[in-house]
Amino acid sequence: MVDALGVAVVGFGWMGRVHTQAYARVRHHYPQLALRPELVTVAEEVPGRAEEAAARFGFASAARDWREVAADPRVRAVSITAPNFLHREIGVAMAEAGKHIWIEKPVGLGPGDARAVADAVAGAGVQGAVGFNYRNAPAVEAARELIASGGIGTVTHVRIRLFSDYAAHPEGALTWRYERERGGSGVLGDLASHGADLARFLLGDIASLTADTAVFLPERARPAGATAGHSRATGGELGPVENEDYVSCLLRFASGARGVLEACRVSVGEQNNYGFEVHGTEGAVFWDFRRMNELGVGRGTSYQDQPVSTVYVGPGDGEFGAFQPGAANAMGYDDLKVIEAYRFLRSVAEGVPYGATLEDAVHSAVVLDAMARSAESGAWVTVGGPAAL
Ligand SMILES: NC(=O)c1ccc[n+]([C@@H]2O[C@H](COP(=O)([O-])OP(=O)(O)OC[C@H]3O[C@@H](n4cnc5c(N)ncnc54)[C@H](O)[C@@H]3O)[C@@H](O)[C@H]2O)c1
């Protein structure tokens, strides 16, 4: 017996669309799911955008104010895909209204916001999933298992990189992303949040770090109207970029391993160059998002001149089998969101969390906060656990 679950989406930009498409596809890939999501309503503040989304994707209704969603008894689960400054208010209100939430990273403007949403979810006894989609890649799950099983020996060091050019164009509009009040941090929350989550997912807690940040494009043009994603604003009045374009960070893990995390949103020539290289005493494992279904694996007893092979993940790795029948049939970015939707809905159906939770968001936010404090002081900073909040 499959029950219907009324779902809503708040904020219909890029992520709003991707969450909606994931709800539409999830049962195609996971027919065993005990719930069938039904698109009940979509809320958007830009006039006409919710109505357009409803007409195109099949929501039963459209709203201008997300509070209507919180009060709607048809809605039992909500995707929160609005800008960062709204995550706390909407996340807490939805949880308190008894809705399960699937919220985008970084969950608010800082660790206090992530903690508040995590507490509201725990207090209401609802499920809370977070959009750390890169950990859903089957190759990343395979790398984690390889590392955990001792397959590359004792981990010595890791490099995690997140380079993109989405903000590199000088005419890129001064959207909410570049404002402290509405975006919070810059590339820290936008990309390094994924890096901090991947670091912990693969290698465990970060004990301390030191970081450096920079703004390379200090002014951008104000947009004339509504924006979505990374819009352009040619000829608009210039305003200040208030948060960092770049971060580099040295990491010390609780295990004793060392790491480097580097992220930039204005890297000309780099498109979604996200990945990691993890090195151990007996091997190494490499992953690049642009070749998402491959791992570079070097293992053996040569130590020096040890070859590295390309391994295509297959149906035995992570959730690959829900998408493709055999290795080297490619999965893509949106599939990672279908996996996230599945884990979220399975959590709701079974009452236990699967996949990244609000506690993972708190962990990531605490690491980002430590990076920001270190960049300001120039010192090494001890990363307090979420309990330190
Ligand atoms: N997991 C990922 O890989 C990933 C990728 C991109 C963005 N994100 C996250 O998703 C969130 C949204 O990012 P995006 O790229 O979709 O941004 P976007 O600007 O494309 O979309 C945000 C949407 O929210 C709407 N909005 C603003 N205020 C609103 C309100 N009060 N009520 C309802 N809607 C409102 C905007 O009009 C816009 O349509 C951010 O938190 C971002 O960090 C995650």
Side-chain angles (χ1 to χ4, degrees), residues 8-22 41-53 62-70 78-91 93-94 101-110 113-114 117 129-137 140 162 164 166-167 172-179 181-198 223 225-231 233 243 263 265 272 274 289 292 332-341 344 355-356 360-361 364-365 368:
V9 174
V10 175
F12 207 82
W14 178 27
M15 280 304 109
R17 176 181 59 73
V18 174
H19 279 225
T20 302
Q21 290 172 319
T41 191
V42 51
E44 239 301 331
E45 70 156 14
V46 174
R49 199 174 273 178
E51 289 74 10
E52 199 183 312
R64 186 74 181 275
D65 188 341
W66 60 264
R67 288 168 192 83
E68 288 176 37
V69 177
V78 182
S79 276
I80 301 169
T81 48
N84 301 350
F85 75 101
L86 292 166
H87 290 176
R88 179 178 185 153
E89 190 185 4
I90 299 177
M94 293 300 175
I101 64 171
W102 174 14
I103 187 166
E104 267 309 325
K105 44 56 60 177
V107 187
L109 304 177
D113 285 358
V117 181
V130 178
F132 287 128
N133 30 257
Y134 298 110
R135 59 152 80 187
N136 298 329
V140 172
L162 301 110
S164 190
Y166 66 78
L174 189 65
T175 63
W176 59 267
R177 281 195 158 78
Y178 305 95
E179 295 174 7
E181 210 171 283
R182 294 195 297 161
S185 61
V187 77
L188 282 173
D190 231 15
L191 295 182
S193 55
H194 285 296
D197 184 65
L198 281 177
T227 61
H230 308 296
S231 310
N243 50 32
R265 63 186 179 187
N272 294 348
Y274 308 154
F289 169 67
M292 191 178 92
Y333 176 86
D334 286 11
D335 296 331
L336 302 182
K337 285 302 198 196
V338 175
I339 295 170
E340 213 163 85
F344 172 50
D360 295 308
S364 170
L368 301 181

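Please read these numbers as outputs of a predicted model, since none were measured by experiment. When a ligand or atom number is given, it counts from 1 through the structure's own listing order.
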A.B. asks: Which of the numbered atoms in ligand 1 are under 4.0 angstrom from any heavy atom belonging to His194?
C.D. replies: 1 (N), 2 (C), 3 (O)

A.B. asks: With heavy atoms of Ala82 as the reference, note each atom of ligand 1 found under 4.0 Å away.
C.D. replies: 11 (C), 12 (C), 24 (O), 40 (C), 41 (O)

A.B. asks: Quick check: does Trp66 get an N/O under 3.5 Å from an N/O on ligand 1?
C.D. replies: no

A.B. asks: Is the contact between Lys337 and ligand 1 made by the side chain, the backbone, both, or neither, using heavy atoms and a 4.0 Å cut-off?
C.D. replies: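 Under 4.0 Å from ligand 1, Lys337 contributes side-chain atoms alone.
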
A.B. asks: Test of understanding: given a 4.0 Å heavy-atom threshold, classify the contact between Phe132 and ligand 1 as side chain, backbone, both, or neither.
C.D. replies: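 None of Phe132 does.
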
A.B. asks: Is any N or O atom of Arg64, backbone or side chain, closer than 3.5 Å to an N or O atom of ligand 1?
C.D. replies: no

A.B. asks: Heavy-atom contact under 4.0 Å between Gly189 and ligand 1?
C.D. replies: no

A.B. asks: Side chains of Val78 and Ile90: closer than 4.5 Å at any heavy-atom pair?
C.D. replies: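 Sidechains of Ile90 and Val78: no contact.
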
A.B. asks: Below 4.0 Å from any atom of ligand 1, is there a heavy atom belonging to Arg177?
C.D. replies: yes

A.B. asks: Within the structure, does Val46 bring an N/O atom to less than 3.5 angstrom of an N/O atom in ligand 1?
C.D. replies: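 No, no N or O pair falls under 3.5 Å.
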
A.B. asks: Can you sort out which atoms of ligand 1 are near Leu86, meaning under 4.0 Å from one of its heavy atoms?
C.D. replies: 28 (N), 29 (C), 30 (C), 31 (N)

A.B. asks: Taking 4.0 angstrom as the limit and counting only heavy atoms of Gly131, give me the atoms of ligand 1 inside it, by number and element.
C.D. replies: 1 (N)

A.B. asks: Heavy-atom distances under 4.0 Å decide this one: backbone, side chain, both or neither, for Lys105 against ligand 1?
C.D. replies: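 Contact part for Lys105 vs ligand 1: both backbone and side chain.
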
